[in-house]
Amino acid sequence: MLEPLIPQNLKTSQDLNAAFPFYNFSLAKSGDLTASENGLPLHSAYNPNAEAERAATLAKDSDKDIFIFAGIGLGYLANAAARIPGADQKTFLILEPDPLHFFAALASIDLSDLFKIPKLFFAVGADVEQAASLVQCAGGFDASQTFCQKSQAAHAQEWFDSFFKRAQESKDAAQVNVNTLERFGRLWLKNGARNLPQMQKLCGASKFFGAASSDNALPCVLLAAGPSLDCVLPKLKEINERAITIAVDTALRACLRAGVQPDFVVLTDPQYWAYSHIAGLAAPESILIAESAAYPSVFRFSCKEIVLMSSLFPLGKFIEERIGKKGALASGGSVSTSAWDFARAIGSKEIYAAGLDLGYPNKQTHIKGSSFEEAAHNNSCRINPAELQTARILFSAKNQEGLDFEGNKIITDERMKLFAWWFQKHVAEDSKTKTFAFSKKGLAISGVEYFSIEDFLKKPKTTEQKKAFFDRADRNSVPCDKEKLDAAIAELKSGLLKINSLSQKGIALCNDILCGDRRAQQRIGELDKIDQEIMQSDAKNVAALVFPSQRQLERLFEAANFPQNPVQANAAKSKIIYTELTKSIEDFLKIC
């Protein structure tokens, strides 16, 4: 048995009070040790163990794989949860910002049961981002259940408030990903299948990675399409002479009107509307960075060169694993995040953002002359004027207030706050790269500083450095072998056909069970083998792109009339899953 980790002279509650004066230790009616802090009881004054056992029933009924204990108290709850059936299959995360509070728990009660958990991790004295990263490494916030007693978190309330805010941001981002997959999964697969020849023909963005690292004076300027880009456009030609310019697709039109072709244009969204931002334009001096699942017309854009970033979607990932990576760029839900990550990847140590407002400064929603503004005026009529369309954005129910770089209030929304959180997180993680903003009016991002355009224009011109940068990149260019691509496509089709065959077999077995086959248990064993084979297939993630999400499956289950017999009910659910999987694969094979 693991005895409490107390020095030999700590045998009574009085000794513990002396060692840890922030607690008031005493004995409960049951004889167990209990404590309070600032008048708030951490545990029951009658029976802390019984109280913890009752609270642990929430863990017993949980289907989550991760248990987070936010504040340990004296450790009763975590210890009780470790005793529930199946606890040894869970991941336990103990979060305690103050090491002394953690040591007090070790010195107070026997935590043998807790320390028997194979996957037990502690974040003691860690900052919020480190604790959140630990959760992500363990499986993510969506796979976790958090246990938090107010009195046990009160000593570090600000820390825990920040942690729970971070957890909610992560869950919101995950939900956005689910919603996006449900809405656009089939489009991504359709585009990706049609663009497969581009993966052989086009080089990867990786040829530029690190090419600027030897030029310490070669900064990057990120051109986003926020309202404050208007202030930059008159100076854009001079800026382009002093930096590598990287424009997002929505900002290209404004750049061309200012007479400047940016060095790079980034387009990651596979929707037609993303293509519409560059449709009809030409930038013969610019390099387009595109996702292989982009709308097919994107690859007819008139420019100096088109390169591919590594795909964000399963089809592209499957192919790249076999023909070579194109160059991974991070995605935070906005093309601006990928553009920022490209600037970081090429080796630039200074990134300056223009038009990255993440809000509506001065109640402006878009840069003048943007695609949105043109569409609003084109669709304007007496009962739906352009001003009304702008007002709908400004007064949306999901809009929120934020602060700009001067501490003034700015209108923003949930989506853009998520983008701001993404930048804050990644800027903090890369201490070697500094990020600045050309405008004070945008939503303030922690870690990003204001830098005036006037001061930037005092920097020397970088004509020779930029030429050397592109020369180095051209030497890194590696074409793809067509035979490898053909082999990868053939392997994918073969894998999907095998999954389809397994699914058909699964449907037949489910029908046998539903018809009252006496060998139901044997059939269930056969279904388990089918599931294992499907999960081991390299092609399963491609089929998953158009496979219903968990939320959509639950809707299908709700609409079904399942038998009362639990074995048959499970077979009916399995049949729905196999049927949907078959549909998904057949849809893809029609496209490819």
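Salt-bridge formation is detected for the pair K583/E580: a Lys NZ or Arg NE/NH1/NH2 atom is positioned less than 4.0 Å from an Asp or Glu carboxylate oxygen. Salt bridge status for K425 with E429: present, with a side-chain N to carboxylate O gap under 4.0 Å.
Considering every non-hydrogen atom in both F562 and A572, the closest pair reads CD2-CB, 3.3 Å. The two residues M199 and G316 make their nearest non-hydrogen contact at CE-O, 3.8 Å. The two residues A87 and A82 make their nearest non-hydrogen contact at CB-O, 3.5 Å.
Geometrically, R322 engages F318 in a cation-pi contact, judged by NZ or CZ lying under 6.0 Å from the ring centre and within 45° of the ring axis.
Under the ring pair (Phe, Tyr, Trp, His ring centres under 6.0 Å) test applied with F92, the options F122, F147, F69, F121 reduce to a single match, F69.
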### Message
Determine whether F163 and F141 satisfy the following criterion, ring pair (Phe, Tyr, Trp, His ring centres under 6.0 Å), listing intermediate values before the conclusion.
### Response
CA-CA 11 Å; F163 176 79; F141 287 98; 5.8 Å; yes

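Between the CZ atom in F208 and the CD1 atom in I289 there is a gap of 7.0 Å [rounded to 0.5 Å]. Considering NZ of K325 and NZ of K317, their distance stands at 8.0 Å, rounded to 0.5 Å. Atoms NZ and CD1, from K505 and I530 in turn, are 5.5 Å apart once rounded to the nearest 0.5 Å. Rounding to the nearest 0.5 Å places SG of C203 at 7.0 Å from NZ of K326. Considering OG1 of T579 and CD of Q504, their distance stands at 8.0 Å, rounded to 0.5 Å. To the nearest 0.5 angstrom, L114 atom CG is 5.5 Å from N79 atom CG.
Judged by distance alone, the side chain of Q89 and the main-chain N or O of G86 form no donor-acceptor pair under 3.5 Å. A distance-only check finds no donor-acceptor pair linking the side chain of S494 to the backbone of E491 [under 3.5 Å]. Listed for the N195 side chain is no donor-acceptor partner under 3.5 Å among the backbone atoms of Q198. Distance alone, capped at 3.5 Å, is enough to place a donor-acceptor pair between the S338 side chain and the A330 backbone.
Proximity of P118 to D88: side-chain heavy atoms (C-beta onward) are separated by under 4.5 Å at one or more points.
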